[in-house]
Amino acid sequence: MSSVKVESVVKEHAQIGEGPVWEESEQTLLFIDITGQKIHRWNAATNQIQSLQTADTVGFAVPRRSGGYVAGVGCSIVAVDWSTQKVTSLASIEDDKPENRLNDGKADPMGRLLAGTMRRDAQTAQVKPGSLYLMKSDLSVTKLLGQVDISNGMDWTADLKTLFYIDSLAMSVDAFDYDSASGNLGNRRVVYRLEEGEGVPDGMTLDANDRLWVACYNGGRVLNIDPATGKRLQTVSLPATKTTSCCFGGPDYSDLYVTSASLGLDQSELQKQPAAGNTFRVTGLGVKGRPSNAFSG
């Protein structure tokens with residue numbers, strides 16, 4: 001087994017770095033800063049960053065097959081033309097809930113977009129205020145799931161039959177039967193429940209073997225889990241407690257990129273964690289990921 005190495009590669013000190021997506025065509029890493037209200041693109045070869053400021057919190061950014069990106073800004077799903085920096089609204093979500101915002105989102109292998117919501121202040125005074133939505137290529141939106149606290153990480157098995165999903169405050173990774181024809185969900189079950197001290201499950205990705213890699217907020221780690229057995233296979237420790245999400249990337253998808261947050265750390269914690277808010281590259285894991293999906297609308 002090769003030795004695992006963690007290095008801080010994107011020194012952006014994001015408030016809440018999130019949603020990393022590897023863009024194979026340009027060998028760039030797309031990621032966001034939720035409360036910093038920015039979409040970033042980092043070029044691995046040149047170490048250069050390009051950024052776009054958004055008008056509200058940004059929960060996700062996903063490549064679009066027709067070019068540019070779709071992003072969740074406030075409670076709107078928007079189209080982003082990167083070359084002109086123009087942002088156009090495609091759909092409004094939960095206009096009746098101004099206290100909510102879009103959080104994590106991802107395109108499925110058929111090109112549909114799944115995107116979830118949460119309360120802006122993440123307090124649970126209003127119990128389970130969030131939902132999970134599906135947007136089709138015709139830009140129609142349907143609700144897949146209600147009664148969610150913080151809609152977070154999601155990814156699909158290679159055979160498209162299973163969606164793994166995280167509602168962070170439930171402290172578990174769940175699985176659904178996924179109808180690849182319609183996007184409908186069924187047969188929800190828990191595949192892994194986080195243990196004391198592991199942190200709060202946040203963003204996640206699957207490797208080419210359909211095993212989970214779950215970033216743990218306030219846990220400073222990414223957990224590698226076999227969903228078939230519910231066993232933790234490996235723990236990767238990061239030099240930032242607020243690890244937020246992860247994706248595989250690099251020339252052969254053998255690098256794991258992990259985002260983190262600095263918001264909420266006090267001065268002494270920031271001194272102990274000078275890399276908080278940076279994005280890390282983990283090498284030597286001995287596994288590979290799969291290319292990301294683009295939205296077809």
Side-chain angles (χ1 to χ4, degrees), residues 1-10 17-31 40-47 60-63 65 104-111 114 152-166 173 175 178 180 191-192 201-216 219 221-239 243-260 278-295:
M1 179 75 183
S2 51
S3 58
V4 174
K5 180 183 173 189
V6 177
E7 55 184 325
S8 174
V9 290
V10 190
E18 255 285 6
V21 179
W22 183 256
E23 299 185 274
E24 188 168 16
S25 59
E26 298 186 46
Q27 297 288 296
T28 51
L29 186 74
L30 177 74
F31 69 103
H40 296 297
R41 287 183 69 199
W42 173 74
N43 186 301
T46 64
N47 197 31
F60 64 86
V62 172
R65 285 181 189 169
D104 213 348
K106 201 171 270 190
D108 77 3
M110 281 66 65
L114 271 72
N152 240 320
M154 60 192 92
D155 209 350
W156 293 263
T157 50
D159 64 8
L160 310 184
K161 290 181 178 175
T162 305
L163 167 71
F164 295 105
Y165 176 71
I166 289 172
V173 182
Y178 193 69
S180 60
V191 295
Y192 185 82
D202 200 332
M204 69 171 166
T205 191
L206 282 175
D207 62 29
N209 300 316
D210 279 344
R211 286 174 173 160
L212 298 159
W213 296 80
V214 181
C216 299
R221 70 194 68 193
V222 174
L223 301 178
N224 176 210
I225 296 157
D226 183 353
T229 63
K231 294 280 191 292
R232 184 180 66 241
L233 304 174
Q234 190 176 358
T235 301
V236 179
S237 296
L238 282 299
T243 44
T244 53
S245 191
C246 54
C247 77
F248 284 95
D252 59 357
Y253 288 93
S254 62
D255 301 336
L256 184 71
Y257 286 96
V258 185
T259 50
S260 71
N278 290 357
T279 299
F280 305 92
R281 179 167 57 208
V282 185
T283 53
L285 291 168
V287 298
K288 292 183 179 182
R290 291 193 293 259
S292 60
N293 306 308
F295 176 57

Q: Could you tell me which residues satisfy side chain to side chain donor-acceptor pair (under 3.5 Å) with Asp104, sequence neighbours excluded, listed by chain and number?
A: none
**Q.** Which residues share a side chain to side chain donor-acceptor pair (under 3.5 Å) with Asp226, sequence neighbours left out
**A.** none
Q. Is there side-chain contact between Ile225 and Val191, with heavy atoms separated by less than 4.5 Å?
A. no
**Q.** Interatomic distance, Trp42 atom CH2 to Thr28 atom OG1 [nearest 0.5 angstrom]
**A.** 10.0 Å
**Q.** Set of residues satisfying side chain to side chain donor-acceptor pair (under 3.5 Å) with respect to Asn293, sequence neighbours excluded
**A.** none
Q. For the atom pair OG1 (Thr259) and CG (Leu29), what is the distance rounded to the nearest 0.5 Å?
A. 8.5 Å
(Q) Could you measure the distance from the CD atom of Glu18 to the OG1 atom of Thr244? Nearest 0.5 Å is fine. (A) 4.5 Å
Q: Could you grab the distance from atom CZ of Phe248 to atom CG of Leu206, nearest 0.5 Å is fine?
A: 9.0 Å
**Q.** Counterpart residues, ring pair (Phe, Tyr, Trp, His ring centres under 6.0 Å), relative to Phe31 (two or more places apart)
**A.** His40
Q | Any Asp207 side-chain heavy atom under 4.5 Å of Tyr253 side chain | A | no
(Q) To the nearest 0.5 Å, what is the distance between CE on Met154 and CG on Leu163? (A) 7.5 Å
(Q) Going by side chain to side chain donor-acceptor pair (under 3.5 Å), name the residues that satisfy it together with Asn209, two or more places apart in sequence or in a different chain. (A) none
(Q) If the test is side-chain hydrogen bond (donor to acceptor under 3.5 Å, both in side chains), which one of Thr205, Asp155, Asp210 qualifies with Arg290? (A) Asp210
Q. For Glu24, which residues count as a salt bridge (charged side-chain N to carboxylate O under 4.0 Å, His left out) partner, sequence neighbours excluded?
A. none
Q | Between CG on residue Leu223 and SG on residue Cys246, distance to nearest 0.5 Å | A | 9.5 Å
Q | Residue pair Tyr192 / Lys231, side-chain heavy-atom distance below 4.5 Å | A | no
(Q) Does any part of the side chain of Trp213, heavy atoms only, come nearer than 4.5 Å to the side chain of Val236, both counted from C-beta? (A) yes
(Q) Quick one: does any side-chain atom of Thr243 pair with a main-chain N or O of Arg221 as donor and acceptor, under 3.5 Å? (A) yes
Q: Could you tell me whether the side chain of Lys288 and the main chain of Ala208 form a donor-acceptor pair under 3.5 Å?
A: no
